[in-house]
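Only one structure is covered here, and it is reproduced in the block below.
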Amino acid sequence: MSLLSFYARNTAELLGLTWQHVYLVAVSTGAAIVVGVPLGIALTRRPAWRAPVLGLANVFQTIPSLALFGFLIPVLGIGAWTAIAALIVYALLPIIRNTYTGIAGVDPAVREAGRGMGMTDGELLRLVELPLAAGVILAGIRVATVVSVGVATIGAAIGAGGLGVYIFRGVATVDDTLIMAGALPAALMALAADGALGLVERRVAWDAK
């Protein structure tokens, strides 16, 4: 059976699994942004936190996904929330690191000019540092999103759904068509997310000039 005929016969299921995949990636990446961006900002204000926080994020990044699922299942059980929690952990490092790097890389002369105009630290962050660092921060979000699209396929192993369902089903039955049925849309989703966020990143970087 060809891939196209498989999609034609299973359109409803494909759309359902694609939606589940998008949901896992969107929720986990959104949560990682909510946690990671403020944490990256905090590191620029508390330099002593930088090594332990980034070191811990690096350690989490090295844990194999199936092992991380194994650690989380006793706490969160089997299903989507365990996969989302794992995806958040993997997304945090690039977001925290790029937020810190972007803000720390702002020209000190620009900061001094802002302070000379009487800006408070909050105003300096909101009106100067974040706009100038936005391109770098978005680059971290872009990396986190693409990584999440790929890792989310493994969530099917713990009942989280998504396009990994086809991949695991294909591996179990030694069916290349099923494996491709899951891998191809996941790859296209990653490319689409990378391209869209790349356009936003370039636009923001251009506006900041």
Side-chain angles (χ1 to χ4, degrees), residues 1 3-4 6-39 56-98 138 140-198:
M1 180 170 55
L3 191 58
L4 289 178
F6 176 85
Y7 285 150
R9 292 175 56 184
N10 299 275
T11 302
E13 184 183 35
L14 174 65
L15 292 175
L17 294 177
T18 301
W19 165 247
Q20 290 174 358
H21 207 94
V22 171
Y23 174 79
L24 292 174
V25 173
V27 172
S28 60
T29 305
I33 291 170
V34 170
V35 174
V37 171
L39 194 50
L56 184 61
N58 270 306
V59 169
F60 284 142
Q61 197 81 7
T62 63
I63 300 175
S65 52
L66 287 176
L68 185 57
F69 289 153
F71 293 139
L72 292 173
I73 285 172
V75 180
L76 299 174
I78 291 175
W81 286 111
T82 296
I84 287 170
L87 291 173
I88 291 170
V89 168
Y90 287 125
L92 279 175
L93 178 61
I95 294 174
I96 295 171
R97 184 174 55 201
N98 277 46
L138 276 170
I141 294 171
R142 180 181 175 186
V143 171
T145 303
V146 173
V147 168
S148 293
V149 172
V151 176
T153 58
I154 305 175
I158 57 167
L163 293 165
V165 168
Y166 282 153
I167 296 174
F168 280 98
R169 195 183 296 170
V171 170
T173 58
V174 197
D175 188 331
D176 291 344
T177 300
L178 269 173
I179 294 172
M180 281 299 299
L184 181 59
L188 292 175
M189 190 184 300
L191 289 172
D194 184 59
L197 289 172

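Along the sequence shown, the residues carry numbers beginning at 1.
Minimum heavy-atom separation, Gly164 to Ala156: C-CB, 3.3 Å. In terms of heavy-atom proximity, Leu197 sits nearest to Ile141 at CD1-O, 4.3 Å. Nearest heavy-atom pair, Ala186 versus Thr153, reported as atom, atom and distance to 0.1 Å: CB-CG2, 4.0 Å. Listed here is the closest heavy atom pair of Ala190 and Val146: O-CG2, 3.9 Å. The shortest non-hydrogen separation linking Leu14 to Pro185 is CD1-CG, 4.3 Å. Nearest heavy atom pair, residue Ile88 against residue Ala31, reads CD1-CB, 3.6 Å.
The side chain to side chain contact (heavy atoms under 4.5 Å, CB included) test with Leu68 singles out one residue from Ile73, Ile63, Ile154, and that residue is Ile63.
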Query raised in the report: Between Ser28 and Tyr90, is a side chain to side chain contact (heavy atoms under 4.5 Å, CB included) present by the stated rule, with each step listed?
Result: CA-CA 9 Å; Ser28 60; Tyr90 287 125; over 6 Å; no
Report task. Tell me, with the steps shown, if His21 and Val149 meet side chain to side chain contact (heavy atoms under 4.5 Å, CB included). Result -> CA-CA 8 Å; His21 207 94; Val149 172; 4.1 Å; yes
**Report entry** Residue pair Ile84, Trp81: steps toward the side chain to side chain contact (heavy atoms under 4.5 Å, CB included) verdict
**Finding:** CA-CA 5 Å; Ile84 287 170; Trp81 286 111; 3.9 Å; yes
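Glu13 is listed as a side-chain neighbour of Leu17, based on a closest heavy-atom distance under 4.5 Å. Using a 4.5 Å heavy-atom threshold, the side chains of Leu66 and Phe69 count as touching. In this structure, the side chains of Leu178 and Phe6 come closer than 4.5 Å at one or more pairs of heavy atoms. Counting heavy atoms from C-beta on, the side chains of Leu87 and Thr29 never come closer than 4.5 Å.
We find the OG1-OH distance between Thr177 and Tyr7 to be 10.0 Å, quoted to the nearest 0.5 Å. Distance check, rounded to the nearest 0.5 Å: CH2 of Trp19 to CG of Leu163 gives 13.0 Å. Of the inter-residue distances, the one linking Leu92 atom CG with Ile33 atom CD1 reads 10.5 Å to the nearest 0.5 angstrom. The line from OG1 of Thr82 to CG of Leu72 is 6.0 Å long, rounded to the nearest 0.5 Å. With values rounded to the nearest 0.5 angstrom, Leu184 atom CG is found 11.0 Å from Met189 atom CE.
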